[in-house]
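Each chain gets a letter, A, B and so on, in the order its sequence line appears, and its residues count up from 1.
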There are 2 protein chains.
Amino acid sequence: MTTIDDVARAAGVSVSTVSYALSGKRPISAPTRARVERAVRELGYRPHAGARALASQRTNVLALMAPLRVDVNVGVIMQFVTGVVTRARDFEHDVLLLTQDDLAGVDRVAAGSMVDALIMMDVEAEDPRLPLLRRQKQPAVLIGLPRDPQGLSCVDLDFEAAARLAVDHLADLGHRQIALVGSPHLVLERRTTYAQRMVHGFTTETARRGIAGLFVPCESSHAGAVDAVDRVFDQLPDVTALIVHNEVALPAVLATLRERGKEVPRDISVVAVCPEDVAVGQPQPLTAVDIPAMTIGSVAVDMAAARLDGDHPAETRLLSPVLTGRESSGPAPA
Amino acid sequence: MTTIDDVARAAGVSVSTVSYALSGKRPISAPTRARVERAVRELGYRPHAGARALASQRTNVLALMAPLRVDVNVGVIMQFVTGVVTRARDFEHDVLLLTQDDLAGVDRVAAGSMVDALIMMDVEAEDPRLPLLRRQKQPAVLIGLPRDPQGLSCVDLDFEAAARLAVDHLADLGHRQIALVGSPHLVLERRTTYAQRMVHGFTTETARRGIAGLFVPCESSHAGAVDAVDRVFDQLPDVTALIVHNEVALPAVLATLRERGKEVPRDISVVAVCPEDVAVGQPQPLTAVDIPAMTIGSVAVDMAAARLDGDHPAETRLLSPVLTGRESSGPAPA
DNA sequence: CTGGTGCGTCGAAGCGCTTCGATGACATTA
DNA sequence: TAATGTCATCGAAGCGCTTCGACGCACCAG
């Protein structure tokens, strides 16, 4: 292994000069720096990460805790992860991957000084990881919105605003009876809060605009989708628009509409709330509010970075939703 | 931060005794060990990962390079990753996640002593990472089979055997005209070698058994599937069985068969080569050769571990395929 | 009673780096 | 010409741990 000593010797300077030449934390004359750089190149020198971490109290590694179950939302998770890893590199950081259920991992990597900061995906309202995180010296960024974010940074899509946006889009097209086909019961009850936030935004906005709004949960399966659609027509027979916030059930919802003889958007408009690629990947490109998973991941890294090299306090950032009109929404039928 | 010094002081022993008590590398009397453990618990002591790495030349971290693109095979990738991360914990290791395209990452984490070993997914025949890997001191494990594995461990499903297994299953059921609906052109041409291995196994086994075998590539889209099925019926009109080795196109292939008036398995048998959950998740449970992604991931870790604490040389392990009969295969029509 | 043998423990070196204070060379000002 | 300041570089301490050799003690055989 070639060490900083080897480089110093080769360049004919002291070890500290090499260090400063490479870090730029003190001025080094151009010729000296050139000699150092040359030696580095010729010897193929790489600083030893552990030694550096020991001396500098910085590891240049981020922990990312991700739900590694093999479930249906895998696409979105992957996008988050990609966003985090990619952006981390912009800050010269690598990413250590932990599984969601590895509670002990929080202590292991944080108390063990393996990482500079932690990013947690899929945060629930009363997430058991929060107390662990709060007692670490490293900053943490949550993707999602717990009930009490005290001391922790959070980032997520503003789902309330997303619901409003979707409702407004449809209301402006003349729709007066709108249904929200949402998350499965389980998700609504005890998990991440985005489902509740979505419903809340939907309810208040329909109320505000004097529109008939119906919310039906929807299990993530074909049968669940059929069931949900049937419940909608049952309870709101004159419905003219659907907001679908369930990526998995989306294709089945669309198929069911077709089976029921409803043409989109002539008979009924559909606004999806899902990642863009899902919206455009359907048989018919869908008007949709984008869930920018990758962006959220990279913002999470930005927030972690901000807290690392600065006194930046914890903050909560809700990303403004964007609605893109495509072929699935149109004027309400007369 | 509490250090090993604090623990030593609290337990009334020397630093080295604490170290030995915790690592077990030298005998420590029971009472002393108890005092040390008590101090550790009371102080909440965690060894500093960097210091430990510096002194011991071990990081207890594995690098995993994964294709983080958001493509269709995301499910399998997730399973690999899960297998790796989970198994790594059994060996007291954490996982550092790199993206496939981060070539520089290999040097960064290996030469920089950030990891004890590297695992690379999705290895191509002439993978540009191989030369980089060979010059590192850390062992590497490849998931996939490059043309020249010299010095590197490899693990993958034995796709040749998988093809044979599928052919034999069908041949034993009396089928004499079998088509393989495979990977897209792109994959076949320049990428991971599993596609070629599959085709090779298929070709030789059909030949050996005197069966008419037709291979058609298949793009990973609905249109691609339709096209592939049409080509099959075009070039092999009396075909009675399909082997489908394209997870993405699978549903579309099935749908197309139905549209063409072919009932499975009455008119035509289908054997899939895909992860189990995909096979059973279809409208009709499919007879399939499992692609055990998670197992492959965990075997990769086992191989890395073996090379770490032992003189184990590099080896190549091909996992024996397993075929599970379900409802999509039956006797050839008379 | 002596010399040898283990066992349990200690002290110190060293892993490779960062960083602080000190130093020397040189230019600037009074 | 001496005092002052600036800039580039050096030396050494120290980050927290592992590990090697040494040491003291109890025990046993001779």
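Looking at heavy atoms from C-beta onward, B/D302 lies in side-chain contact with B/F91 at the 4.5 angstrom threshold. The shortest side-chain heavy-atom distance between B/L68 and B/Q100 does not fall under the 4.5 Å cut-off. At least one side-chain heavy atom of B/T295 sits under 4.5 Å from a side-chain heavy atom of B/L319.
The base of C/dC7 does not come close enough to the side chain of B/Y20 for any donor and acceptor atom to sit less than 3.5 Å apart. Counting distance only, with no hydrogens placed and no angle test, the side-chain atoms of B/R26 and the base atoms of C/dG6 include no donor-acceptor pair under 3.5 Å. At a cut-off of 3.5 angstrom, counting only N and O atoms as typed in the model, there is a donor on one side and an acceptor on the other between the side-chain of A/S16 and the base of D/dG11.
Taking CE of A/M114 as the reference point, atom CG of A/L96 lies at 5.5 Å (rounded to 0.5 Å).
Base engagement by B/S19 is indicated by at least one non-hydrogen atom pair under 4.0 Å involving a base atom. In this structure, B/P47 reaches the sugar-phosphate backbone alone: every heavy-atom distance under 4.0 Å involves primed, P, OP1 or OP2 atoms, never a base. Nucleic acid contact for B/R46: sugar-phosphate only, since backbone atoms but no base atoms lie under 4.0 Å from a heavy atom of the residue. Counting non-hydrogen atoms under 4.0 angstrom, B/V13 reaches the backbone sugars and phosphates but no base.
Between A/D102 and A/R108 there is a salt bridge, since a side-chain N of the basic residue sits under 4.0 Å from a carboxylate O of the acidic one.
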**Request:** Show your working on side-chain contact (heavy atoms from CB on, under 4.5 Å) between A/Q138 and A/L308 and close with a plain yes or no.
**Result:** CA-CA 8 Å; A/Q138 292 94 336; A/L308 277 181; over 6 Å; no
**Asked** Step by step, would you call B/Y194 with B/L157 a side-chain contact (heavy atoms from CB on, under 4.5 Å)?
**Response** CA-CA 8 Å; B/Y194 64 83; B/L157 178 66; over 6 Å; no
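Remark: A/K25 is in phosphate contact with C/dT19, judged by side-chain N or O atoms under 4.0 Å from OP1 or OP2. Of the side-chain N and O atoms in B/S29, one or more sit less than 4.0 angstrom from OP1 or OP2 of C/dT9. Within the structure, a side-chain polar atom (N or O) of B/T17 is placed less than 4.0 Å from OP1 or OP2 of C/dC10. Listed pair B/S14 / C/dC10 meets the phosphate criterion, a side-chain N or O lying under 4.0 Å from OP1 or OP2.
The overall bend of the helix from C/dC1-D/dG30 to C/dA30-D/dT1, read as the angle between its terminal helix axes built from five base pairs each, is 50° when rounded to 10 degrees.
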